[in-house]
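This chain uses plain numbering: 1 for the first residue, then up along the sequence. Computed from a predicted model, the values in this text were never measured in an experiment.
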Amino acid sequence: MTAADRPALRLLFRGPRGRLLAALLLAEFAASVTGLSYAAVLPVAAAELDGLALYGPAVTITGVVSIAFMAFGAYLYGRIGAQAQLGISTAMLIVGVALSAGAPSMEVLIAGLAVRGVAAGIMGGLGMGVLSDVFPDAKERERAFGLYALMWVAPALAGPAVNGVLLVTVGWRASMAWPAVLIVIARALMSRYLRVVGWQRPPDPAKIRAPWAFLSIAAGVLVAQFGIASETPLGVAIAVAALALTLAVPFRRALRLTVPGERQAQAGGWILALVCGSYFGINALVPLLSATYLDASGVIGTVLVSIGPLAWALFSAGGLGARVSARGSYLLAAVAFPLAALGVAMFAVGLTKSVAIGAIGLGLVSALIGMAMGVVYPKVMTLAFERFRGLDGTNRAHGGVVLGVGEDVGTATGTTLLAGIGAVVIGMGTGWVAGLAAAFAVLLVVAWVMAGRSRLWRP
């Protein structure tokens, strides 16, 4: 795609579908604000409620429950329509926020986070399904998907300062509750503009597909998290085995049963899992290395962790990645991600020798994975909906669910294998960390070579 072929932003935001896109982007912005806010206040809430022992489950519960309920998202999308789906999810979100923000104990707070997970799960596939429907042109759809990354830039840059002020002035309960206002406003706008564009629910009745597969995925991810938390060799081995089994059986089955016959969408789920595992695994290890070896205050880590998202947004939201062909985006990702993991291994050895060199090296790694993510992430989401037929009750929300579960499973796998195990071995010295990163690089080389045969990259 040349620069002239790249759809202009004014075209994307023109008319009712443009306003719908703006509402979807506002919802993504609200989600980013919420995620960063919860990350900041959860440690404070756990300490005040004497629940530090339950901090680990509190961090993971929303994501795990969300995966478990993803199978119901496409069902609601096809049975009652996107607007009703929005209403149910929003009502559950408000209940979850009220439980968490008003929690008298850590157990109640976790229950609220679990309800939020249900609300997120039953929204599964809606945003991607709607966008792929109102932007049938692949070039426009890729540019629209690429704008999502931009919604994380401002919260990522301003989040630490804003959350710090809120915690000091209004406390953790109000800090946990206020982002829900943004979400409600965004969803109200989404519902309104869905009516304006004349969106109608799919004509074929939807079914709840593969619910036990999604529950099994959630269980496998949960087992892996507790295995890593044990900080024992046996626990780490159990975590790795649980993730491998999850990918081999329930994840594979969930993709096949959610979009039967849609081989392109199934391939998109697998590739997006690999993309997110590559990016988020490395991105989660970088600040951990910085805090351990470079700067215990976390200042350098804060800078390093923002480089990846900024590069991602530049290449994704700016539409620069849209100029790269499908095969070209694969080749870029297949080289950049393993090279970045190898870079972490190389710089890990010298982290204790020079703070400046270590910071620059990890900064280059973050920029490299952000660039690759900015190109390949929207490309995969766009290609997954090419040749989508939607037969026998399969609607575009099913395709969105496949991509959503691929993103979640890939993120959990990558962060567990690299950052999770890295947190266990980091006290043993930089040699162990370097060996882990090198092993991850080899794993990525093998995985990306296999991914090169995917039908997703075929014209």
Side-chain angles (χ1 to χ4, degrees), residues 1-3 5-9 11-13 17-18 20-22 24-25 27-29 31-32 125-153 156 264-265 267-280 283 308-334 336-337 367-388 396 399-408 410-411 451 454 456-459:
M1 182 186 299
T2 65
D5 294 327
R6 186 180 57 186
L9 289 179
L11 177 63
L12 296 183
F13 287 104
R17 71 170 190 173
L20 175 59
L21 173 60
L24 287 164
L25 293 176
E28 185 71 10
F29 177 83
S32 67
L126 186 144
M128 295 181 189
V130 168
L131 271 185
S132 68
D133 196 17
V134 300
F135 289 98
D137 180 79
K139 298 175 184 177
E140 294 180 352
R141 186 166 64 246
E142 182 172 353
R143 190 82 198 272
F145 279 138
L147 293 172
Y148 272 67
L150 195 61
M151 297 300 103
W152 287 83
V153 174
Q264 185 89 353
W270 279 108
I271 299 300
L272 195 61
L274 177 56
V275 168
C276 292
S278 302
Y279 175 85
F280 287 106
N283 196 55
L310 286 174
W312 179 354
L314 175 64
F315 281 85
S316 183
L320 299 178
R323 303 181 190 182
V324 183
S325 67
R327 193 67 188 177
S329 66
Y330 159 72
L331 293 173
L332 175 63
F337 287 126
L368 181 60
I369 62 174
M371 177 193 67
M373 195 68 166
V375 172
V376 75
Y377 183 83
K379 185 76 70 178
V380 170
M381 291 198 296
T382 299
L383 294 174
F385 284 104
E386 290 296 295
R387 297 188 288 272
F388 194 91
R396 289 182 175 269
V401 168
V402 161
L403 293 177
V405 72
E407 182 172 355
D408 289 348
T411 300
S454 172
L456 199 72
W457 316 115
R458 301 172 191 168

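Of all heavy-atom pairs between T411 and C276, the closest is OG1-CB, 3.6 Å. Considering all non-hydrogen atoms of both residues, L383 and Q264 come closest at O-NE2, 3.0 Å. The two residues F337 and A372 make their nearest non-hydrogen contact at CZ-CB, 3.8 Å. Of all the heavy atoms in R17 and V134, the pair that sits closest is NH1-O, 3.1 Å. For the pair S329 and V375, the tightest heavy-atom approach, listed with the atom from each and the gap, is CB-CG1, 3.8 Å. Across every non-hydrogen atom of R387 and R458, the tightest pair is NH2-O, 4.2 Å.
Applying the side chain to side chain contact (heavy atoms under 4.5 Å, CB included) rule to A334 yields the partners Y330, W448; only residues at least two apart in sequence or on another chain are considered. With sequence neighbours left out, E28 forms a salt bridge (Lys or Arg N to Asp or Glu O under 4.0 Å) with no residue at all. Listed by chain and number, the residues in a side chain to side chain donor-acceptor pair (under 3.5 Å) with Y377 are E407 (sequence neighbours excluded). By the side chain to side chain contact (heavy atoms under 4.5 Å, CB included) test, A384 is found to be paired with L403, residues two or more places apart in sequence or in another chain being considered. When the side chain to side chain contact (heavy atoms under 4.5 Å, CB included) test is applied to A367, the partners found at least two apart in sequence or on another chain are I307. Applying the side chain to side chain contact (heavy atoms under 4.5 Å, CB included) test to A273 and every residue at least two apart in sequence or in another chain returns F251.
One finds the CD atom of E142 at 13.5 Å from the CZ atom of F385 (value rounded to the nearest 0.5 Å). Here the CG-NZ distance, from L456 to K379, works out to 10.5 Å after rounding to the nearest 0.5 Å. Atoms CG and CE, from L314 and M371 in turn, are 11.0 Å apart once rounded to the nearest 0.5 Å. To the nearest 0.5 Å, atom CG of residue L332 and atom CE of residue M373 are 12.5 Å apart.
Side-chain contact check for W457 versus I271: some heavy-atom pair is nearer than 4.5 Å. Contact check for L21 versus L147: side-chain heavy atoms found under the 4.5 Å cut-off.
Look at E386 and R141 and you find a salt bridge, because one of the NZ, NE, NH1 or NH2 atoms lies within 4.0 Å of a carboxylate O, short of that distance.
For the pairing with F135, the side chain to side chain contact (heavy atoms under 4.5 Å, CB included) check across L20, L12, T382 returns one residue only, L12.
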- Task: Starting from the C-alpha separation in whole Å, work towards a yes-or-no answer on side-chain contact (heavy atoms from CB on, under 4.5 Å) for V275 and F280.
- Result: CA-CA 9 Å; V275 168; F280 287 106; over 6 Å; no
